[in-house]
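Worksheet: one structure, shown below.
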Amino acid sequence: MRRVLVLGGTAEARTLAAALAADPAWRVTSSLAGRTAEPRLPEGEVRSGGFGGAAGLAAWLRAERVDAIVDATHPFAAGISRHAAEASGTAGVPLLALRRPGWSAGPGDRWHSAATLREAAGLLAALGTRALVTTGRQGFAAFAEVELPVVARMVRPPEPPLPRGFRLLLDRGPFTLEGERALLRDHRIDVLVTKDSGGPATAPKLTAAREAGLPVVLVRRPAPPAGVPSVASPEEALSWLAGRA
Ligand code: NAP
């Protein structure tokens, strides 16, 4: 039986862990950052909390005799992905990145690209009068100076500084198209800010924005670590692992 570490916190990581937990060729351990009070737990073994940087992760890989790592973390979780790449090299454990594809604009979409949250915040005044921000609590301080009213939807409350006209909606996806239409309408939203997370669970807001003719500011993904092979689906990750079983 071979040992695989799945760096998780995403739906794709849970799908992969479920398939591996049912496969007698693999012993799977999923790792979560441990920040969410009631996380959706993957099947198989689960560990929680940081490793203590790249060196801590490399030590863990050696101590646990891990044969392969799949980095299935969120595309914006750049720190842990960088550590995984470094630890893979130090500990000599092969690493695959599992990254869901980003979203692509279609007819009727009015998307504006931003490299950072700060750049996204700076675009808002020219695009609308009431913003829905769905980029999460991390880095939310980038919106502190925004003058227009901001409705922020996130899983956990952000730390100050907060924008002056700030309203918090605590919620966690998946979201429905009907719900997203109602959210935009009820809060009189006329501009949306989101990260390019990709995936179906949080995509209905983009459809609702398109239907309503609203501009969307899409924050681009951070660059992934160089030299790490990458796939887009849990099925492809399973094929990569099968080559190592
Ligand atoms: P991050 O900035 O890349 O990571 C910060 C630190 O948190 C890492 O250096 C590591 O600590 C620890 N960490 C992160 N993910 C971990 C994991 N899966 N297992 C063990 N330790 C982990 O990450 P983040 O953006 O805060 O995201 C944290 C978690 O939430 C990730 O697992 C990610 O998949 C999930 N998530 C993130 C987003 C997002 O927008 N960023 C959205 C949805 C879900 P040490 O250095 O001590 O090892």
Side-chain angles (χ1 to χ4, degrees), residues 4-17 20 28-42 44-64 66 68-88 90-91 93 95-103 114-117 120 133-143 152-159 170-175 193-203 205 217-225 228 230 234 237:
V4 56
L5 172 67
V6 176
L7 296 169
T10 59
E12 292 75 15
R14 287 189 294 276
T15 303
L16 177 63
L20 289 168
V28 59
T29 303
S30 294
S31 176
L32 303 178
R35 308 228 187 88
T36 313
E38 288 172 20
R40 296 191 179 111
L41 287 176
E45 295 172 26
V46 179
R47 67 163 299 288
S48 184
F51 293 93
L57 177 53
W60 194 92
L61 294 171
R62 286 201 190 98
E64 298 289 326
V66 171
I69 319 164
V70 179
D71 171 13
T73 56
H74 191 273
F76 280 82
I80 186 71
S81 294
R82 202 174 52 247
H83 295 168
E86 204 179 314
S88 154
T90 330
V93 180
L95 167 68
L96 178 75
L98 165 53
R99 299 241 180 292
R100 64 174 86 129
W103 291 311
T116 60
L117 292 172
V133 177
T134 62
T135 51
R137 72 190 293 277
Q138 270 196 63
F140 188 70
F143 296 92
R153 180 176 67 191
M154 50 186 78
V155 179
R156 288 190 297 140
E159 305 283 344
L170 288 178
D171 207 350
R172 178 155 81 168
F175 300 104
V193 188
T194 175
K195 290 175 178 170
D196 183 13
S197 299
T202 55
K205 64 189 165 193
V217 180
L218 202 76
V219 182
R220 294 195 293 276
R221 295 174 169 201
V228 177
S230 181

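Computation of the quantities below employed the complete heavy-atom set of this structure, encompassing side-chain atoms and omitting hydrogens, waters and symmetry-equivalent molecules. Numbering of ligands and ligand atoms starts at 1, following listing order.
Closest of all the heavy-atom pairs between V6 and L16 is CG2-CD2, 4.0 Å.
Under the side chain to side chain contact (heavy atoms under 4.5 Å, CB included) test applied with V28, the options L20, V70, V46 reduce to a single match, L20.
Residues in residues 45-56 take part in these side chain to side chain donor-acceptor pair (under 3.5 Å) pairs, two or more places apart or across chains: R27-E45, T29-E45, S31-R47.
Shown here are the ring-ring contact (aromatic ring centres under 6.0 Å, His included) partners of H74, two or more places apart in sequence or in another chain: F76. Remark: R137 engages E159 in a side-chain hydrogen bond (donor to acceptor under 3.5 Å, both in side chains) (not counting sequence neighbours).
Remark: R153 CZ to T135 OG1 distance equals 11.5 Å, nearest 0.5 Å.
Sorted by chain and number, the residues within 4.0 Å of ligand 1 by heavy atom are G8, G9, S31, L32, A33, R35, R47, G49, G50, F51, G52, G53, T73, H74, F76, A77, A78, G79, I80, H83, Q138, K195.
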